[in-house]
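Everything quoted here is computed from the prediction, not taken from an experiment.
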Amino acid sequence: VQGVDLVVCVLPKVRDKLRPFCDTMAGASAIFIMDSRGKVIISRNYRSEVPMTITERFQQHVIDAEDFAVKPVFCEDGINFAWIPYNNLYLLAVTQRNSNATLLITFLYRLAEVFRAYFNELEEESIKDNFVITYELMDEMMDNGYPQTTEAKVLREFIKTQSHQIAVEQMRPPTSLTSAVSWRVEGIVHKKNEIFLDVVERLNLVVSANGSVLHSEILGALKMKSYLSGMPELKLGLNDKLLFEAAGRPAARTKSVEMEDIKFHHCVRLARFENDRTISFVPPDGEFELMSYRLSTHVKPLIWVEAVVDPGHSRSRVEYMVKVKSQFKSRSVANNVEIHIPVPSDVDSPCFNAAVGAVRYIPDNDCVVWSIKQFQGQKDFIMSASFGLPSVGADNRDAYMKVPISVKFEIPYFTVSGVTVRYLKIIEKSGYKALPWVRYITQNGDYQLRMI
């Protein structure tokens, strides 16, 4: 209000109680964007607490240091550094206060995502070509070191990539900045109200040569595309083990899963989830990731590969006999299967014979790739390969046996964990009917089968 000075007095006891909270939410003193050599391209000093030459210490601790000594968060002389790499850039946040390191790292990733949304790709050239927009975004996304609006769709309402004149009615801030739902604007209208939900799981697996599973992990994500009018309220129910237990339903009778490391989009009402495990939210418009999770559970290989290598007596040729078997249900089909089999670095004259699919030798990667477009469950196929070897072999010719076989695949309409969407309810005050679409996909993650 013009002409009025506002003075806030905090009692000493209240101030002492607030200090721990304020310290953890202290934010950043300055943000730097640097090239791969550590040279500052653009920076923003929010509090003038740290010298702008502080990046020299970053170069010493990160760029000039050995890989094993590099840390994403470190402290020197009372100044805290938090940074992330992105393409050929470094994004750095520094503060003199006892800030929340996770908050700083998360903000840097959000900053990179917003830049990428504006510039299509975040690289050194895209920053140099868009200095004005970059400064505007850094000012809007952080105020006095505290994160503010981090949604690209909201920022686009008042930070334009093209020059334009702002009309009088546009001088007011968008309602999304002043409402409780900052990630969605009011008045959205779609001709057809639909929402698409993809349950995508990636399987990380390491199997020994004798077939025992050494490591298995499932990384899942719920990805949504929302095309809903108005301000809808969505409720999502999964076959969550803790939900069944809280409702007094025995999990043994109903197939359920116990998720770990759950991370939600900030549109989800966390208090509601912690109370009754209900996922309730007002979705952003368009694409977003609703949640991610992890399951540390024993999983047998979905696609098993066994390779028998015969180096031969003359050592002039090496022969492979590769058997692949799908160990998921017969009604499912794996698409675009690729089996990468390591071979010696000095082989020549490749010859292949496969019962199905295509085989090609990739000398740059020292491997053979067996591609199967569609692989039905409970099927097995055999591929044989032979290569010529030079008379004088390399000293480390047998080193390829230590490289594991890797497999790439995608299985639609299937989740390896058994996660199921029990319901997806859409509630909007106008009462329109919306169509929810749910799809399940299982993909390979770091999927390895050792040969020895």
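- Residues E186 and M231 have side chains in contact (heavy-atom distance under 4.5 Å, counting atoms from C-beta outward).
- We find the NE2-OG distance between H215 and S208 to be 14.0 Å, quoted to the nearest 0.5 Å.
- Atom CG of residue L238 and atom CE of residue M291 lie 6.0 Å apart, to the nearest 0.5 angstrom.
- Without hydrogens or angle criteria, D198 side chain to V200 main chain gives no donor-acceptor distance under 3.5 Å.
- At a threshold of 4.5 Å between non-hydrogen side-chain atoms, the residues V421 and L197 count as touching.
- Inspection of the H266 and E151 side chains reveals an N or O donor paired with an N or O acceptor under 3.5 Å.
- Side-chain rings of F81 and F58 stay apart, their centers remaining 6.0 Å or farther from each other.
- Residues T149 and M141 fail the side-chain proximity criterion, which asks for heavy atoms closer than 4.5 Å.
- For N335, the side-chain hydrogen bond (donor to acceptor under 3.5 Å, both in side chains) criterion is met by no residue, not counting sequence neighbours.
- Judged by distance alone, with hydrogens and angles left aside, the side-chain atoms of S216 form a donor-acceptor pair with the main-chain N or O of T297 at under 3.5 Å.
- Checked by atom type and distance alone, the side chain of N444 never pairs as donor or acceptor with a backbone atom of Y447 at under 3.5 Å.
- Contact record, V62 with F74: CG2-CE2, 3.9 Å, taken as the closest heavy-atom pair.
- Side-chain contact between M138 and R44 is present, with heavy atoms from C-beta onward closer than 4.5 Å.
- Without hydrogens or angle criteria, H265 side chain to C267 main chain gives a donor-acceptor distance under 3.5 Å.
- Taking each heavy atom of L91 and L108 in turn, the nearest pair found is O-CD1, 3.5 Å.
- With sequence neighbours excluded, the residues that form a side-chain hydrogen bond (donor to acceptor under 3.5 Å, both in side chains) with R57 are D77.
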key: Audit row: I218, V416, side-chain contact (heavy atoms from CB on, under 4.5 Å) steps and yes/no   = CA-CA 8 Å; I218 300 169; V416 64; 3.6 Å; yes
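- Annotation: cation-pi pair K425/Y423 present, NZ/CZ under 6.0 Å from the ring centroid and within 45° of its normal.
- Inter-residue side-chain proximity for R97 and R47 is flagged as met; some heavy-atom pair is nearer than 4.5 Å.
- Taking all atoms of both residues into account, the shortest heavy-atom contact from A334 to I303 is CB-CD1, 4.4 Å.
- With hydrogens and angles ignored, the 3.5 Å screen pairs no side-chain donor or acceptor of W370 with any backbone N or O of R360.
- Between V359 and A354, the closest heavy-atom pair is CG2-CB, 3.8 Å.
- Rounding to the nearest 0.5 Å gives a distance of 10.0 Å between CD of Q60 and OG1 of T55.
- For Y90 and F32, the ring centers are positioned 6.0 Å apart or more.
- The 12-atom threshold is exceeded at CZ of R110, counting heavy atoms of other residues, nucleotides or ligands nearer than 6.0 Å.
- V419 is listed as a side-chain neighbour of M259, based on a closest heavy-atom distance under 4.5 Å.
- A cation-pi geometry, defined here as NZ or CZ lying under 6.0 Å from the six-membered ring centre and within 45° of its normal, does not hold between R439 and F414.
- With sequence neighbours excluded, the residues satisfying side-chain hydrogen bond (donor to acceptor under 3.5 Å, both in side chains) with H61 are E76.
- Within the model, atoms CE of M224 and CG of L236 stand 6.5 Å from one another, a figure rounded to the nearest 0.5 Å.
- Screening E258, E260, E201 against Y293 for a side-chain contact (heavy atoms from CB on, under 4.5 Å) leaves a single residue, E201.
- In this structure, S326 contributes its side chain and Q376 its backbone to a donor-acceptor pair below 3.5 Å.
- Panel note: side chain Q327, backbone P301; a donor-acceptor pair is recorded below 3.5 Å.
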message = Using side-chain hydrogen bond (donor to acceptor under 3.5 Å, both in side chains), reason through R294 and S296 one step at a time and then give a plain yes or no.
response = CA-CA 7 Å; R294 180 178 65 86; S296 295; 2.4 Å; yes
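- In this structure the side chain of K192 reaches within 4.5 angstrom of the side chain of L435, judged on heavy atoms.
- Ring pair Y146/Y46: centre-to-centre distance not below 6.0 Å.
- D446 places no side-chain N or O within donor-acceptor distance of the main-chain N or O of N204, the cut-off being under 3.5 Å.
- Identified under the side-chain hydrogen bond (donor to acceptor under 3.5 Å, both in side chains) test for residues 220-237, with sequence neighbours left out: N193-S229, E233-R269, E233-S280.
- Counted by atom type alone, N336 and E338 present zero donor-acceptor pairs between their side chains at under 3.5 Å.
- Residue L89 holds its CG atom at 11.5 Å from CD1 of I42, rounded to the nearest 0.5 Å.
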task = Dump the intermediate steps for side-chain hydrogen bond (donor to acceptor under 3.5 Å, both in side chains) on E121 and N87, then the final yes or no.
result = CA-CA 9 Å; E121 190 57 61; N87 290 340; 2.9 Å; yes
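- For the atom pair T134 OG1 and L111 CG, the distance stands at 9.0 Å (nearest 0.5 Å).
- No side-chain donor from either of Q96 and E49 sits under 3.5 Å from a side-chain acceptor of the other.
- Proximity of a side-chain donor or acceptor of Q59 to a complementary backbone N or O of G38 within less than 3.5 Å is detected.
- Under the 3.5 Å distance criterion, the side-chain polar atoms of T420 are matched with a main-chain donor or acceptor of G418.
- Proximity of the aromatic rings of Y413 and Y440 is defined here by a centroid distance below 6.0 angstrom, and this criterion is not met.
- Residue L228 comes nearest to A434 through the heavy atom pair CD2-CB, 3.8 Å, listed as atom of the first residue, atom of the second, then distance.
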task = Start with the C-alpha distance between I279 and F264, add both sets of side-chain angles, then the distance that settles side-chain contact (heavy atoms from CB on, under 4.5 Å), and finish with yes or no.
result = CA-CA 9 Å; I279 303 174; F264 287 111; 4.1 Å; yes
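- The side-chain heavy atoms of V213 and K300, taken from C-beta on, include no pair separated by under 4.5 Å.
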query = Would Y86 and Y109 count as a ring-ring contact (aromatic ring centres under 6.0 Å, His included) if you check the C-alpha gap in whole Å, the side-chain angles of each, and the deciding distance to 0.1 Å?
reply = CA-CA 9 Å; Y86 198 98; Y109 276 111; 7.7 Å; no
request  = Could you check T106 against T102 for side-chain hydrogen bond (donor to acceptor under 3.5 Å, both in side chains), going step by step and ending with a plain yes or no?
outcome  = CA-CA 6 Å; T106 302; T102 305; over 6 Å; no
query = Stepwise, does the side-chain contact (heavy atoms from CB on, under 4.5 Å) test hold for L137 with I159?
reply = CA-CA 8 Å; L137 289 171; I159 297 182; 3.9 Å; yes
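- Remark: E123 engages no residue in a salt bridge (Lys or Arg N to Asp or Glu O under 4.0 Å) (not counting sequence neighbours).
- Taking all atoms of both residues into account, the shortest heavy-atom contact from S29 to T95 is OG-CA, 3.3 Å.
- Not counting sequence neighbours, N130 has no partner by the side-chain hydrogen bond (donor to acceptor under 3.5 Å, both in side chains) test.
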